[in-house]
Amino acid sequence: MRTFGFPEFLFILEAAKWTIALSLIAIIGGAIGGLLVALARTSESAAARGISTVFVQVFQGTPLLLQLFLIFFGAPVLGWDINPWLAAGFALILNTSAFLGEIWRGCIQAIPRGQWEAAEALGLHYVSRMRDVVLPQAFKIALPPTVGYMVQVIKGTSLAAIIGFAEVTRAGQIINNATFQPLIVFSVVAAIYFAMCWPLSLLAGRMERRQAAALTR
Amino acid sequence: MNYTFQFDAVFAAWPLLLKGTWITIQLSLTATVLGLAVAVACAWAKTSGPAPARFVVNAYIELVRNTPFLVQLFFFFFALPAIGLRWSAYAAALVAMVVNLGAYATEIIRAGIESIPRGQIEAGLALNLKRHQVFRFVILKPALKAIYPALTSQFILLMLSSAVVSAISADDLTSVAANLQSQTFRSFEIYIVVACIYLALALSFSALFKLIYRAALNYPDRR
């Protein structure tokens, strides 16, 4: 039987690049989707509001794991060829879009009504009103919670282990099955996630405090 | 796409699905009660405990919040038996959920306690309210009102993330779904139905929490 040594540690650490890659895919795809969701949720069209509300409720009201299962096990049934990469990527992008969309909707709605009215009174059309007046201000409010949410995305990628995607958690399982030293293996796995998430948490906390101080001034 | 959906096999298994749903609810409610007890103790330690206790609580919170729930679950299920502590998947799942919720709820409760201005407590005492009256009317009710939304959405998040405990086969709703899919191969139908059950649970609980809020906490607030 193998014992847990440096090569085993390296095996788990190397899998971190897949965790990071998957997180980046989810964050970039989720940011694009989230912006669309936030704009639809605050739009004047009742249809856009309705569709985006249903989207958000479905993705916030069901477990991420089931979303992953539905895509991974459902797509082949419908005749689409899918691998753990695509399934995990899709599920995480859709899930992140829903959550970031809701966070950003709050930020857009936090912009005082008067700003919207002023932009309208100046005769700005929708695109310019959003791009030049509302979104730049909303961006500042949105930054701390967005950084904080990245931690959730990184943690969420661990679920891809369940469908066999070889990221950090899966690598840990593999090493655990070979060495039977779960205490050290899962401590190492937890430590790797901690090393990725904690700096982001600290950054988000610091940004939040700075913003709170700026608001009470 | 020429796939015909067949939900018969899924609906035929409704007693199993019902049992899984009940276990998911039971796990979530039990974990919430125990997790809140942990959180109240930790919030007390963090706001007015001695420095070492504060350090330990902070370390606990940061550790839990910056590692995935799945890894925490694996840690409790695989690692503790290795050092001699044998227990069931259900017990491991429950403990992992309590530990997880405890950390998140500590921060929520601490924020609630800190949201009560000192002056209000002093004002209560100056109005000749008894200590327990100050606690009940000046501290508890407004603090509860302040943290209620965060606490209830944390409950729903916990219930949804409990699907992860199926990874150690803890008999919850998702475990039932996984078993059914390996028996009937109707994976798409099963996961659709189970996702709908979770959605129904999440929407019903959030409606219920809103009703409770209106009935018990909806008094005018001048802060």
**Student:** Crowded around A/E44 CD? As in, over 12 foreign heavy atoms under 6.0 Å?
**Tutor:**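 Not more than 12 within 6.0 Å, no.
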
**Student:** Which region of A/V77, side chain (C-beta onward) or backbone (N, CA, C, O), has a non-hydrogen atom less than 4.5 Å from a non-hydrogen atom of chain B, or is it both or neither?
**Tutor:**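 Both backbone and side chain.
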
**Student:** Write out, in numerical order, the residues from residues 179-210 of chain A with a heavy atom short of 4.5 Å from a heavy atom in chain B.
**Tutor:**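 Interface residues of residues 179-210 of chain A: A/P182, A/L183, A/F186, A/S187, A/V189, A/A190, A/Y193, A/F194, A/C197, A/W198, A/S201.
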
**Student:** Please look at B/T174 and chain A and tell me whether the side chain, the backbone, both or neither of the residue comes under 4.5 angstrom of a heavy atom of that chain.
**Tutor:**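 Only the side chain of B/T174 comes within 4.5 Å of chain A.
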
**Student:** Counting heavy atoms not belonging to B/F7, are there more than 12 under 6.0 Å from its CZ?
**Tutor:**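 Yes - once you tally the heavy atoms of other residues, nucleotides and ligands closer than 6.0 Å, there are more than 12.
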
**Student:** Given a strict heavy-atom distance threshold of 4.5 Å, which part of B/L203 is in contact with chain A: side chain, backbone, both, or neither?
**Tutor:**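 Side chain only.
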
**Student:** Rounded to the nearest 0.5 Å, how far does OH of B/Y198 lie from CG of A/L65?
**Tutor:**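 Going from CG on A/L65 over to OH on B/Y198, the span is 8.0 Å.
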
**Student:** Taking the side chain as C-beta and beyond, is there a heavy-atom pair between A/V168 and B/V71 under 4.5 Å?
**Tutor:**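 Side-chain contact under 4.5 Å: no.
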
**Student:** Is chain A contacted by the side chain of B/Q72, its backbone, both, or neither, given a heavy-atom distance below 4.5 Å?
**Tutor:**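 For B/Q72, no heavy atom lies under 4.5 Å from chain A.
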
**Student:** If the contact rule is any heavy atom under 4.5 Å from chain B, which residues of residues 10-32 of chain A qualify, in numerical order?
**Tutor:**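 Listed by number, there are no contacting residues, so the answer is none.
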
**Student:** So which residues of residues 56-67 of chain B are in contact with chain A at a heavy-atom cut-off of under 4.5 Å?
**Tutor:**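 The list, in residue order, reads B/E62, B/L63, B/V64, B/R65, B/N66, B/T67.
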
**Student:** How far does CD of A/Q60 sit from OG of B/S206, to the nearest 0.5 angstrom?
**Tutor:**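 Result: 10.5 Å between the selected atoms.
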
**Student:** Does atom CH2 (B/W87) have a neighbourhood of more than 12 heavy atoms from anything else shown, all under 6.0 Å?
**Tutor:**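 Counting other residues, nucleotides and ligands, CH2 of B/W87 exceeds 12 neighbours.
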
**Student:** Just checking B/F55: does its CZ atom have more than 12 heavy atoms from other residues, nucleotides or ligands closer to it than 6.0 angstrom?
**Tutor:**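 Open.
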
**Student:** At a heavy-atom separation under 4.5 Å, does A/Q67 approach chain B through its side chain, its backbone, both, or neither?
**Tutor:**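 Neither part.
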
**Student:** Is the number of heavy atoms from other residues, nucleotides or ligands under 6.0 Å of A/F90 CZ greater than 12?
**Tutor:**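 No.
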
**Student:** Can you tell me which portion of B/I192 sits under 4.5 Å from chain A's heavy atoms? Options are side chain, backbone, both or neither.
**Tutor:**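 Both parts, backbone and side chain.
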
**Student:** In chain order, what residues pass the side-chain contact (heavy atoms from CB on, under 4.5 Å) check against A/A38, with sequence neighbours excluded?
**Tutor:**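 Residues passing side-chain contact (heavy atoms from CB on, under 4.5 Å) with A/A38: A/W104, A/I108.
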
**Student:** For A/G61 and B/L160, which heavy atoms make the closest approach, and how far apart are they?
**Tutor:**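 Result for this residue pair: O-CD2, 3.5 Å.
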
**Student:** Look up atom CG in A/L66 and atom CD1 in B/I190, then write down how far apart they are to the nearest 0.5 Å.
**Tutor:**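 CD1 of B/I190 is found 11.5 Å from CG of A/L66.
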
**Student:** If I take atom CZ from residue B/F78 and atom CG from residue A/N177, how far apart are they, to the nearest 0.5 angstrom?
**Tutor:**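 The CG atom of A/N177 is 7.5 Å from CZ of B/F78, to the nearest 0.5 Å.
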
**Student:** Heavy-atom cut-off 4.5 Å, strictly under: side chain, backbone, both or neither for B/S166 against chain A?
**Tutor:**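 Contact with chain A: side chain only.
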
**Student:** If you compare all heavy atoms of A/T62 against all heavy atoms of B/A195, which two are closest, and at what distance to 0.1 Å?
**Tutor:**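 Distance-wise, the nearest heavy atoms are CG2-O, 3.3 Å.
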
